[in-house]
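First comes the structure, then the notes that go with it.
Proteins get letters first, then strands, A, B, ... in listed order; numbering begins at 1 in each.
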Number of protein chains: 2
Amino acid sequence: MSVTYKNIEYQCSMELTLNLIGGKWKSLILWYLGEKTMRFSELRRALPQVTQKMLTQQLRELEDHGLVNRFVYTQIPPKVEYSLTEAGKSLMPILATMCEWGQHFASQAESSDKKPV
Amino acid sequence: MSVTYKNIEYQCSMELTLNLIGGKWKSLILWYLGEKTMRFSELRRALPQVTQKMLTQQLRELEDHGLVNRFVYTQIPPKVEYSLTEAGKSLMPILATMCEWGQHFASQAESSDKKPV
DNA sequence: CTGAATCCTCGTCGATACTG
DNA sequence: CAGTATCGACGAGGATTCAG
């Protein structure tokens, strides 16, 4: 039942998965990278509400967990491209399912929230 | 693309889903309740590492989000049973998939982490 | 352009004590 | 049994500045 990753033990492997994608912006980052490889500045434009610090941090963690590839072009000005690893790609169906579920849930909630006035 | 729930707007409905199940102990609680209805004290025993405060808090949130039913037996001593709503049950396949993915991911990582000494 | 480093705030969570 | 209330520690995360 329990799983260990990076010296951290989880009661259930589901917890591990949530930890990998549950970062504040990770799911969105993965989602964008799922469509195409992106440069750092592209991601910044795509996610304006994410501070640079957080974007860098989340990308580092994703890279560290082997979900994202970081490719540096050694040149001036610097250019860095991010893309999904195979592990990252294998996550996409889950994210897609969560996307659908969330949409359905929200529309259900909306109709039941609309109490008669 | 964006979704609103409880007056909070998410860029993607996937974020909403993560918010609903991403609480520190929510996934585990849902997982247990997925197998059977449980009393508060049963959950406590099943999740010893969760403080009573957190357990109550997470259950309240799950209930508030319509994922968990709370049924109070009006008696002395008190008895409260928690179970999944239909929405909560519909979440189980996602949790199961995350469980499998996490397990697979961990075993992959393990083999590649074992660097030759 | 892509980052690292610092400071500071604010929410989360654990520990503890109390209640119907 | 099933909570609520309060306090304090801790860390995530934002704003800003500096660097290669």
Side-chain angles (χ1 to χ4, degrees), chain A residues 6-11 15-16 18-30 32-33 36-65 68-84, chain B residues 6-11 15-16 18-30 32-33 36-65 68-84:
Chain A
K6 302 260 179 189
N7 287 325
I8 297 176
E9 186 172 351
Y10 300 89
Q11 276 201 70
E15 284 184 288
L16 168 59
L18 272 172
N19 249 284
L20 295 177
I21 66 178
K24 190 160 191 187
W25 307 108
K26 288 181 183 174
S27 59
L28 275 177
I29 294 174
L30 290 169
Y32 274 105
L33 292 182
K36 62 167 182 175
T37 294
M38 290 176 85
R39 295 187 52 173
F40 186 77
S41 49
E42 277 186 288
L43 280 169
R44 290 219 61 188
R45 276 191 297 274
L47 301 164
Q49 73 283 40
V50 184
T51 63
Q52 185 195 48
K53 175 191 172 182
M54 284 313 295
L55 185 54
T56 302
Q57 186 183 112
Q58 303 274 298
L59 282 167
R60 286 289 176 286
E61 292 181 12
L62 289 170
E63 184 195 4
D64 207 51
H65 295 150
V68 159
N69 283 131
R70 180 166 178 267
F71 188 81
V72 182
Y73 293 84
T74 313
Q75 63 178 43
I76 303 291
K79 173 177 171 181
V80 181
E81 280 187 347
Y82 294 92
S83 59
L84 292 189
Chain B
K6 302 260 181 190
N7 288 325
I8 297 177
E9 186 173 350
Y10 301 88
Q11 275 201 73
E15 285 185 286
L16 167 59
L18 272 171
N19 248 282
L20 296 177
I21 67 178
K24 190 162 191 185
W25 306 108
K26 288 182 183 173
S27 60
L28 276 178
I29 294 173
L30 289 169
Y32 274 105
L33 292 183
K36 61 167 181 173
T37 295
M38 290 176 84
R39 294 187 54 172
F40 186 77
S41 50
E42 278 185 287
L43 280 169
R44 289 218 63 185
R45 275 191 297 274
L47 301 165
Q49 74 280 42
V50 183
T51 62
Q52 187 194 46
K53 174 190 172 182
M54 285 311 295
L55 185 54
T56 302
Q57 187 182 112
Q58 303 272 298
L59 282 168
R60 286 289 178 283
E61 291 181 13
L62 289 170
E63 185 194 2
D64 208 50
H65 295 151
V68 160
N69 284 132
R70 179 166 180 268
F71 189 81
V72 183
Y73 293 83
T74 313
Q75 63 178 43
I76 303 291
K79 173 176 170 182
V80 181
E81 280 187 348
Y82 293 92
S83 59
L84 294 189

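- Note: CZ (Arg60(B)) to P (dC13(C)) measures 16 Å, nearest angstrom.
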Would you be so kind as to tabulate the donor-acceptor pairs closer than 3.5 Å made by side chains of residues 36-43 of chain B, with sequence neighbours excluded?
from, atom 1, to, atom 2, distance (Å)
Lys36(B), NZ, Glu42(B), OE2, 3.3
Glu42(B), OE1, Arg39(B), N, 2.7

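- To the nearest 0.5 Å, atom CD of residue Gln57(B) and atom CG of residue Leu62(B) are 10.5 Å apart.
- In this structure, the CG atom of Leu43(A) is 10 Å from the P atom of dG3(C), given to the nearest Å.
- For the pair Gln75(B) CD and dA2(D) C1', the interatomic distance rounds to 12 Å; values are reported in whole Å.
- Contact annotation for Arg39(B): backbone-only contact, meaning every heavy-atom pair under 4.0 Å involves sugar-phosphate atoms and none involves a base.
- From Ser27(B), atom OG reaches atom CD1 of Ile21(B) across 7.0 Å, with rounding to the nearest 0.5 Å.
- Between the CG atom of Leu59(A) and the P atom of dA4(C) there is a distance of 11 Å, rounded to whole Å.
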inquiry  = Return a single string for nucleotides 13-20 of chain D, one symbol per nucleotide in 5' to 3' order, where B is base contact, S is sugar-phosphate-only contact and - is none, cutoff 4.0 angstrom on heavy atoms.
reply    = BBB----B
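- Lys79(B) places its NZ atom 13 Å from the P atom of dG3(D), with the value rounded to the nearest Å.
- Put simply, CD1 on Ile8(A) and CD on Glu15(A) are 11.0 Å apart, with the number rounded to the nearest 0.5 Å.
- Side chain of Phe40(A), nearest nucleotide from dA4(C), dT2(C), dG3(D): dT2(C).
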ask   = Could you go step by step and tell me if Leu84(B) and Asn69(B) meet the side-chain contact (heavy atoms from CB on, under 4.5 Å) rule?
value = CA-CA 6 Å; Leu84(B) 294 189; Asn69(B) 284 132; over 6 Å; no
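- Here Ser41(A) reaches the OP1 or OP2 of dT2(C): one of its side-chain N or O atoms lies under 4.0 Å away.
- Atom-to-atom, CD of Glu61(A) to C1' of dA4(C) comes out at 15 Å; the value is rounded to the nearest Å.
- Using modelled atom types, one side-chain atom of Gln58(B) and one backbone atom of Trp25(B) make a donor-acceptor pair closer than 3.5 Å.
- For the atom pair CG of Asn19(A) and NZ of Lys24(B), the computed distance is 10.0 Å after rounding to the nearest 0.5 Å.
- Taking atom CZ on Arg70(B) and atom C1' on dT4(D), their separation rounds to 12 Å, with Å as the unit.
- Residue Tyr82(B) is in sugar-phosphate contact alone, with no base atom involved, counting any heavy-atom pair closer than 4.0 Å across all strands shown.
- Put simply, CG on Leu55(A) is 18 Å from P on dA12(D), counting in whole angstrom units.
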